[in-house]
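Presented below is the structure to which this report refers.
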2 protein chains.
Amino acid sequence: MVSIKDIAKEAGVSISTVSYALNGNPKVTAETSSRILAIAKELNYVPNAAARNLKKRETKLIGAFLTDYFGAFYGDLLQGMKEVLNKNGYDLIVCSGTPSHRLLPEKMIDGAIVLDSHFQNEELLKYAERGHKLVVLDRELHHPNISQVLLDNKAGATLAIEYLIENGHRKIYVVKGPKDSFDANQRLQAVIQTIERNEPIEFIEIQGSFIKSSGEKAAEQIINEYKEPVAVFCLNDEMAIGIYNAVAKTDLRIGEHIHLIGFDNIELTQYTQPTLATIDYSKHKWGAAASDQLLKLIAGSKVEPERIYVKLVPGESVQMRQTLR
Amino acid sequence: MVSIKDIAKEAGVSISTVSYALNGNPKVTAETSSRILAIAKELNYVPNAAARNLKKRETKLIGAFLTDYFGAFYGDLLQGMKEVLNKNGYDLIVCSGTPSHRLLPEKMIDGAIVLDSHFQNEELLKYAERGHKLVVLDRELHHPNISQVLLDNKAGATLAIEYLIENGHRKIYVVKGPKDSFDANQRLQAVIQTIERNEPIEFIEIQGSFIKSSGEKAAEQIINEYKEPVAVFCLNDEMAIGIYNAVAKTDLRIGEHIHLIGFDNIELTQYTQPTLATIDYSKHKWGAAASDQLLKLIAGSKVEPERIYVKLVPGESVQMRQTLR
DNA sequence: TTGTATGCGTTATCAA
DNA sequence: TTGATAACGCATACAA
C-alpha cells in the first residue's frame, strides 16, 4: 500500500512536506505542492483511514442503529439523515444488531442515531457518560451528550381518536404496541386521555406488537365479538395491514363494519382497498433533524430537543357511523 | 480515553503484558492476567479501533453498497448478509451514495458487497486492482479479487413469458428496465429468445426504468393502444405496481383485459387486487451467498461465482386468454 | 519554505 | 513470565 513515505521518496522531499501538500497547507510552495499532488495521483495514493482516525481522533462517520433492515419505513428516514450528513462532510453507515454496537465505544464512528428498541437505555447512558454523542429517536433520555428528536405521538393519537369520534363512533378498540415501546406508550396515553374527555365511549384495549401478525390476531378477537359497527385504532400501520388481511377472510368489510385508522403512513397504505386512514409525518425531516442535532452535539453547540409534527390522513377505511340501520 | 497505558500503570506492569492479557495470550500468568482484566473492566477499557486497525491492517467490517435505502426489497437481503458475517466475526455496515465509496480505498472496511448501479465498473476494477475484495450482485466482472452472485435472470424471464404463452396470450408487451442495468438486459435477452421460439407473437417493447412511475407511463401507452386483451411482462414488480395504479383509473381490469406479470416478488405484491404473478427468489439466500463469497475471497480461498435460482409465482393477474368473446 | 522529531494506541518482536 | 521497544501511517509543533 502506498503511503506518504513513498510519495516523499519519489518527490525527493520529507514526509511532512507531503502531508502539508496533501492537506493544502499554504506553507508549501505551489510548485512543490503540485509536483507532490501529481505524484500522489500517479501512485494512486489514498490516505489510510486508520492512521488518520488515530491521529485526528475522528472518523467523519455517523452510525444509524436500527432494529432491523425491514420496512420501507426506513428509506426516507435514512435518506434525510444522509443528505444532511454528506452536506457537512460526514458519511452515514447503517447498522443493526448488538455486535455492531462496538463501533461506538471503539470510536469507529463519531456519533450515533438510535432507532432500535433492542438498544438498552443503560447501554446508551454508559456510552454518553464516556463522551460519545448520541441522538435517540425512540425514547426520552436526559444527558448532556444525548439529544432526541421525537414524534409528536400524543398529537397524532389524539387526532386519530377524535377523527373516529367525529365520525360518530362510540365503540373503539385500540391495538397497542410493545409494552417497552416509547412511541406506543405515548400514543396509548393520549388515546386514554382523549377517550376520557369524550365519555361515554366503550373502549377496549388489545395487546399488539407492531407487527402484521399481531394485527391479524387482534382482528380475530374483534371479529368474534362483532355485533355492530366498531372503530379500531391500530397504533401503527403494519398492524392495520394485518387487520385488512384477517377481515378480508370474513363477510365484514373495512370502512363499513370495521372502521380502521393506523399510524405512520407507510407506503403500503396507498395500495390497500379501501385506503387506510392514518397519521402522517415527514420521515425525511425526521432523519434530517436527527443528523442536525447530532452534528450540533459533536460541534459542542447547545441543542434543544426537537419534535416532529404529525397530521391526519383521512381514508376510506373510516366512514360516518350509520346510527340507524 | 483510557488506554492500555493506563491499565499498565494501574496494574504496575508494562503495556505489553497488558496487551497479552487482553488478547488471552497464554504467556502471561493466570494471576496477573485476571488482575489486569479486572482493572480493565473497572476502568471501562475498550480497545481503540483506529489503533488496532492500523496495526492489524483489518477492521472486521464489511460494507454493503446500495443504490438507495428504499424498497422493502433490501430487508431480507441485508439480513442474509449480516447473519453470515456476524457468525464469522465480521460486522456489516450499509452505505449508499458516492461519498461513501471512500471507505474501501481508505481501508475502513475489509471488503464490499455491491448492488448499486451508480457504482461504475471502472471504479470497482480499480479497487480490485489495488487488492480490495469485492462481491458484485448486479453485474459480471472478471478479476481475481471480484466474485459475483447473480440472479438467474434468464430463467426467470423465460418462465414469465412461457407462463403468458401457456395462458394463450399472443400479444405481449415488455416494460423494460434501465438500459445500463445488467439484470434488465439479461431478462430482456431471455424474453426475446423465448418469443422467437414461440412465433408468431406480437411483441412490443416499452422503455421503463424500474421505478413505479415508469410503469404508470407504460400503462398509458398500453391503454391507448388497447383493442383486445393483452399480456404485459414488467421486468420488475415496482413497475407492475405502476400499471395497477394507472389501470385502476380506467374501465380496463388487470387479469381480464390486461394480463400482468412482474419480477422480484416484493412484499407489496401480496396486497394488490388481484394478486400479481411474479418471479420469486430467496433474497435471504442471495445475501448469505454474497457474504460467503466475500469471506472466502478475503481468506484467499478459490471461489466459484454463484447463481441464485428463481421460480414462478402464479397470480390472479394472469388468466387464460378468452379467444372467443 | 522545508525537514526533524514526536505521538496517537495497538501489536508483536526480541531481550531480559 | 514479563518488559523495552519498534512499527503501523499520518499530522503537527518546532527547528532549520
Side-chain angles (χ1 to χ4, degrees), chain A residues 1-37 39-40 43-61 102-110 130-132, chain B residues 1-37 39-40 43-61 102-110 130-132:
Chain A
M1 199 79 312
V2 34
S3 78
I4 55 171
K5 206 185 275 180
D6 302 302
I7 302 179
K9 197 179 294 173
E10 185 73 17
V13 296
S14 78
I15 59 162
S16 49
T17 306
V18 174
S19 179
Y20 288 139
L22 255 24
N23 292 306
N25 192 314
K27 293 201 285 187
V28 58
T29 332
E31 188 182 18
T32 342
S33 181
S34 67
R35 189 161 52 89
I36 290 174
L37 260 30
I39 293 176
L43 297 183
N44 283 322
Y45 170 77
V46 179
N48 178 300
R52 183 162 33 72
N53 296 344
L54 180 58
K55 187 67 189 178
K56 304 200 65 166
R57 300 159 155 285
E58 63 173 10
T59 64
K60 292 290 181 184
L61 244 39
R102 69 177 175 98
L103 299 193
L104 198 54
E106 290 184 356
K107 296 174 101 29
M108 203 107 71
I109 53 182
D110 293 348
R130 294 188 200 166
H132 300 290
Chain B
M1 199 79 313
V2 33
S3 77
I4 53 171
K5 207 184 273 181
D6 303 300
I7 302 180
K9 197 179 294 173
E10 184 73 17
V13 296
S14 79
I15 59 162
S16 36
T17 306
V18 174
S19 178
Y20 288 138
L22 256 22
N23 292 307
N25 190 316
K27 292 201 288 188
V28 57
T29 333
E31 186 183 23
T32 338
S33 180
S34 66
R35 188 161 54 90
I36 290 174
L37 259 30
I39 293 176
L43 296 183
N44 283 322
Y45 170 78
V46 180
N48 178 299
R52 182 161 31 73
N53 296 344
L54 179 58
K55 189 65 188 176
K56 303 202 66 166
R57 299 158 158 286
E58 64 171 10
T59 64
K60 292 290 181 184
L61 244 40
R102 69 178 175 95
L103 300 193
L104 198 55
E106 291 184 355
K107 297 174 102 24
M108 203 108 70
I109 53 181
D110 293 346
R130 294 188 200 166
H132 300 291

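Below, each value reflects all heavy atoms present in this structure, side chains not excepted, and no hydrogens, waters or symmetry copies. Residue numbering restarts at 1 for every chain, and letters A, B, ... go by the order of the sequence lines.
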* Using whole Å, report how far CE of B/M108 lies from C1' of D/dG9. => 14 Å
* Asked: Is there a donor-acceptor pair closer than 3.5 Å between any side-chain N or O of B/R35 and the backbone N or O of B/A11?
  -> yes
* Report, as a single string ordered 5' to 3', how protein heavy atoms within less than 4.0 Å touch nucleotides 9-16 of chain C: B base, S sugar-phosphate only, - not at all. => BBBBBB--
* Give a yes/no answer on whether the side chain of A/S14 brings an N or O atom under 4.0 Å of OP1 or OP2 in C/dG3. => yes
* Side-chain N or O of A/T29 less than 4.0 angstrom from OP1 or OP2 on C/dT2? -> yes
* Backbone of A/E31 reached by a side-chain donor or acceptor of A/T29 within 3.5 Å -> no
* **Length of the line joining A/I7:CD1 and D/dA11:C1', which is rounded to integer Å** => 14 Å
* B/R35 has an atom CZ; how far is it from atom C1' of D/dT2, in whole Å? -> 12 Å
* **Check: A/A50 main-chain N/O paired with B/N53 side-chain donor or acceptor under 3.5 Å** => no
* Any donor-acceptor pair under 3.5 Å from B/T59 side chain to B/L61 backbone -> yes
* Expressed in angstrom and rounded to an integer, what is the separation of A/K60 atom NZ from D/dC10 atom P? -> 18 Å
* **Atom pair CZ/CG of B/R52 and A/L54 - distance to nearest 0.5 Å** => 12.0 Å
* Structure fact -> note: B/K107, atom NZ; D/dC10, atom C1'; distance rounded to Å ~ 15 Å
* In Å and rounded to the nearest 0.5 Å, what is the CG to CD1 distance from A/L22 to A/I15? -> 12.0 Å
